2 protein chains.
Amino acid sequence: MATIYDVARIAGVSPKTVSRVLNGDAPVGKATREAVESAIAQLDYVPSNAARMMRSQRSGLIGLITGAISMSPEPTQPAGLPELFIVQGIQKSLANSGMTMMIADTGGVVEKAAPLIDTFLRHRVEGLIYVAEYHQKVALPAISDGTPMILANCFDDRGTPAILPDDWRGQHDLVARLVTAGHRRIGYLTLRPEIAAGRLRLEGYRAALQTGGIAYDAALVANCDLEGRDGETQLLWEAIDRMLRLSTPPTVFCCGNDKMALRVYGILRSMGRKVPTEVSVAGYDNYRVIAETLYPPLTTVDLPYTAMGVRAAQRLMAMISGETREEKGPTLVAGPVYWRDSVTELRPANVSLLKSVREE
Amino acid sequence: MATIYDVARIAGVSPKTVSRVLNGDAPVGKATREAVESAIAQLDYVPSNAARMMRSQRSGLIGLITGAISMSPEPTQPAGLPELFIVQGIQKSLANSGMTMMIADTGGVVEKAAPLIDTFLRHRVEGLIYVAEYHQKVALPAISDGTPMILANCFDDRGTPAILPDDWRGQHDLVARLVTAGHRRIGYLTLRPEIAAGRLRLEGYRAALQTGGIAYDAALVANCDLEGRDGETQLLWEAIDRMLRLSTPPTVFCCGNDKMALRVYGILRSMGRKVPTEVSVAGYDNYRVIAETLYPPLTTVDLPYTAMGVRAAQRLMAMISGETREEKGPTLVAGPVYWRDSVTELRPANVSLLKSVREE
DNA sequence: GTCTCTTATGACACCGATGACATGACACCG
DNA sequence: CGGTGTCATGTCATCGGTGTCATAAGAGAC
C-alpha cells in the first residue's frame with residue numbers, strides 16, 4: 001500500500017504538502033494541488049487511519065456490543081432480531097458524524113462482554129453502546145477509563161445513561177385508543193411480569209382504564225407467557241375460552257406482543273370467532289412481518305427501535321463532545337399506535353375525537 | 001490514557017520489556033514480569049492497536065458492508081432482517097480468528113458503497129464482506145488494491161467469490177419429501193421469476209417432480225409475488241381458488257416463502273379448508289417467528305443464513321492467509337427441510353423411506 | 001527601496017508500539 | 001579457563017501520518 005511519502009515523491013513535493021492537500025487545513029498552490037492529486041490517483045493512495053490516529057489521538061470509532069447477533073447455540077427461543085433496528089438507527093446517526101462503527105457480540109454470554117470491551121478500548125473507541133435484545137436490566141463490567149457508554153434497550157443500577165422504550169405509554173395509548181373506539185371490556189393476555197415490558201405495559205393498561213373510568217377486572221387479565229416453553233398456545237386457548245364465557249366477555253383482546261397475537265388469530269378462528277367483527281385483537285411491537293401480513297392487519301403499538309438507536313447515538317455523541325447540559329436518567333422513547341383493521345370501532349361517532357390520540 | 005512508556009517507568013524497566021510481557025514473544029524474568037503486570041494493573045493500561053498496527057502492518061480488522069441494517073427511509077417493504085443471521089455467522093467465525101469486525105451499511109443506496117469501502121481501506125481492513133438482503137446479483141465498485149472480498153447472499157459478473165443459498169436444492173428436497181409423503185398434485189405459489197430465488201426454486205420443484213415421475217402441470221403453478229405491492233392476498237386467493245376447483249386439485253400448496261404461507265393459512269381458513277387435514281401447506285425460509293408460531297407449525301426449508309455467514313468468513317480467512325487451494329465460483333449452502341405439522345403424510349407406510357431425504 | 005504581511009512550502013519531531021540488534025550475566029562444555 | 005550458547009534486558013530506528021516552526025517568494029504600504 002502506497003504511503004504519503006510515495007505520493008510526495010511522485011508529485012515532487014514534501015509529505016506535509018500532501019497532507020495539506022488531503023486535509024485542506026492550509027492553502028496549497030493550484031499546480032501543486034493538481035500534481036498531488038494526480039499522484040494520489042496514480043498510486044491508488046489511501047491514507048492510513050492508524051497513523052493519523054496516532055497523532056490526532058482521535059479514532060473516529062464507536063464500539064457497539066450486542067447479544068443480539070449471535071444468540072444461544074441452539075436458538076429455540078429468539079427468532080426475531082428486532083433490536084437490529086436499533087443498530088440501524090445508531091448507524092444512521094453515526095454516519096452523519098463521520099464515525100465508523102465496530103461491532104461485536106457476546107453470543108448471549110455475559111462473560112464475553114469484558115474482553116470485547118477491552119478489544120474496543122485497544123482500538124481507542126471514543127464511545128461504547130450496549131444493545132440488549134429486550135427491555136431488561138443488565139450488569140456490565142465497569143469501564144475503568146473514561147470512555148463514555150450508553151445502554152440501549154436496557155438499564156443498570158449504576159445510572160449509566162440508557163435509552164428505553166416507553167412501554168407504559170405505549171400500552172396506555174393503545175388502551176386509551178380502544179376506549180375511545182368504544183371498547184369497555186378489554187381482555188389482556190400479558191407477558192410475564194418478571195420482565196420489564198410485562199410490568200410496565202400492564203401498568204399502562206391499568207392507568208388507561210382508570211382514565212377512561214373503567215374498573216380494573218382481574219378476570220380479564222391472564223399471563224400467557226411461558227418464556228418460550230411449549231404450551232403457550234394451550235395456555236392462550238384456555239385464557240381466551242374462559243374470558244369469552246364471562247357474562248360480559250371482552251370485546252377486544254390485547255396481546256403481550258404481535259407473536260402472541262398471531263397465535264390468538266389462529267385460536268379465535270379455530271373457535272369460529274371472526275376477527276374483528278366478533279372480537280377484536282391488538283398486539284404490541286409492530287413486528288411488521290406479522291402485523292402487516294396477517295389478515296386482517298393487526299392493530300399494534302410500534303416499538304420505536306430505530307428512533308431509540310438514533311437517540312442512543314445522539315446522546316453518545318453529546319457525551320463525547322463533552323456537552324454539559326447532559327440529561328440524567330434514562331431517555332424514554334414512545335412509539336405510535338398503529339391502528340389497523342383488527343379492531344372494530346364500536347362507536348364510529350367517536351372517530352372525530354381520535355385526533356387527540358397519538359397515532360402514526 | 002497510559003502508554004507503554006508509563007508502564008515501563010513505573011515498573012522500572014524498558015518499554016521493550018513491557019512489550020515482551022504483553023506479547024510473550026521472549027522470555028522475561030519472573031520478578032520483572034510481576035512488576036510489569038502490577039504496573040499495568042495500576043495504570044489501567046490498555047495497549048493501542050493503532051500503534052501496534054503501524055509496526056506490524058496488520059490491522060486485525062474485517063469490514064462488513066450491508067444494505068441490511070438501514071433500509072429505505074420509509075421502510076414499507078422490508079420487514080424482516082434475516083440476513084442479520086449471516087452477520088451472526090460471520091461474527092462467530094471471526095471471533096475465533098481474533099479479528100474485529102467493522103460494520104457499515106449502504107442504507108440501501110448502492111452509491112454509498114464506494115465511500116464505505118474507502119473508509120474501510122483507510123482502516124486497512126484485511127478483508128471485506130458484502131452481505132445482500134436477498135439472493136441477488138450486485139455490481140459493486142472494484143477494489144483497486146488487493147484487499148480480498150467476499151460476497152454473501154449475492155454474486156456479480158466479475159467472479160468475486162460468493163456464498164449463496166442453494167435454492168434449487170432446497171426446493172427440490174422439499175418437493176421430493178412431499179412426494180415421498182404421497183403427494184402427487186403439488187401446487188406452487190411462486191415468488192416472481194425476476195429474482196434468483198424465484199427461478200432456482202421453481203427449477204428445483206420441476207426437477208423433483210421429474211425424479212418422482214410426476215408430470216409438470218402449469219395449472220398448478222402461479223406467480224403470487226407482487227414485489228411488496230398491495231393486492232398479494234387477493235392474488236393468492238384467486239390462485240388458490242382456481243387450483244382447488246381443478247378436477248384433481250392439489251393436496252399441498254408450496255409457497256414462495258413463509259410470509260406467503262402465513263397469508264395462505266388465513267385464506268384457506270377463510271375458505272373453510274382445514275390445514276393440514278384437508279390441504280397441506282409448505283413454506284420456504286424457515287422464518288422462525290412465523291414457521292414455529294403458526295398453528296399448525298409450518299413445514300418449510302431452512303435458509304441457512306448462519307451457515308452461509310460461517311462459510312463466508314472461512315473463505316475470506318482462507319483468502320487472507322493466502323491459501324492456494326482456493327475454490328473457484330460460488331459456494332452453495334443448502335439448508336435442511338423442516339418437517340412440521342402443516343403437511344399430511346398421505347402414505348404413512350412411506351415414512352420408513354424418509355431417511356434418504358435430508359431433514360433437520 | 002525597505003518593511004510588513006500573506007501565501008506556499010519544507011524540515012523535523014512526535015504519536016506508541018515493536019523488530020532488529022546489542023549487551024551483560026551465567027551455565028555448561030571440553 | 002577460554003569458548004559457546006542461552007537467558008534477560010536495553011538501545012535505537014521505524015511504521016505513516018500531522019503539529020509546530022521556519023523559510024522563501026511575492027504583494028502591497030509607506
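Keep in mind that this is a model prediction, so the values were computed, not measured. Just so it is clear: chains get the letters A, B, ... in the order the sequence lines come, proteins before strands, and each one is counted from 1.
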Interatomic distance where [atom1] belongs to [X] and [atom2] belongs to [N] [whole Å]:
X: Ile40(A); N: dG17(D); atom1: CD1; atom2: C1'; answer: 13 Å
X: Arg124(A); N: dG16(C); atom1: CZ; atom2: C1'; answer: 9 Å
X: His123(A); N: dG16(C); atom1: NE2; atom2: C1'; answer: 15 Å
X: Asn49(B); N: dC15(C); atom1: CG; atom2: C1'; answer: 15 Å
X: Ile4(B); N: dG19(C); atom1: CD1; atom2: P; answer: 11 Å
X: Arg9(B); N: dA17(C); atom1: CZ; atom2: P; answer: 13 Å
X: Asp25(B); N: dG19(C); atom1: CG; atom2: C1'; answer: 9 Å

Check whether any side-chain N or O of [X] sits under 4.0 Å from OP1 or OP2 of [N], and answer yes or no.
X: Tyr45(B); N: dA17(C); value: yes
X: Thr17(B); N: dG10(D); value: yes
X: Thr32(A); N: dT9(C); value: yes
X: Gln57(B); N: dG16(D); value: yes
X: Ser48(B); N: dA17(C); value: no
X: Asn23(B); N: dT18(C); value: yes

Sugar-phosphate, base or nothing in reach of Ser56(B), heavy atoms under 4.0 Å: nothing
Sugar-phosphate, base or nothing in reach of Val18(A), heavy atoms under 4.0 Å: nothing
Residues Arg315(A) and Thr331(A): side-chain donor-acceptor under 3.5 angstrom: yes
Residue whose nearest DNA chain D nucleotide is more 5′ - Arg52(A) or Arg20(A): Arg52(A)
Of Tyr5(A) and Lys30(B), the one whose closest DNA chain D nucleotide lies more 5': Lys30(B)
Which one, [options], comes nearest to the side chain of [X]?
X: Met54(B); options: dC7(D), dG16(C), dG19(D); result: dG16(C)
X: Arg55(B); options: dG10(C), dA8(D), dT18(C); result: dT18(C)
X: Thr3(A); options: dA17(C), dT9(C), dG16(D); result: dG16(D)

His135(B) and Phe155(B) aromatic ring geometry - parallel, tilted or perpendicular at 30°/60° bounds: perpendicular
salt_bridge(Lys137(A), Asp157(A)) N-O dist < 4.0 Å: yes
Any strand: nucleotide that pairs with dC28(C) via Watson-Crick or wobble, under 3.5 Å: dG3(D)
dA8(C) - base-pair partner by Watson-Crick or wobble geometry, distances under 3.5 Å: dT23(D)
Separation of Ile320(A) CD1 from Arg58(A) CZ (nearest 0.5 Å): 8.5 Å
Ile90(B) side chain reached by Ile129(B) side chain, heavy atoms, under 4.5 Å: yes
More than 12 heavy atoms of other groups within 6.0 Å of Arg124(A) CZ: yes
N/O donor-acceptor pair, side chain Lys16(B) with base dG19(C), under 3.5 angstrom: yes
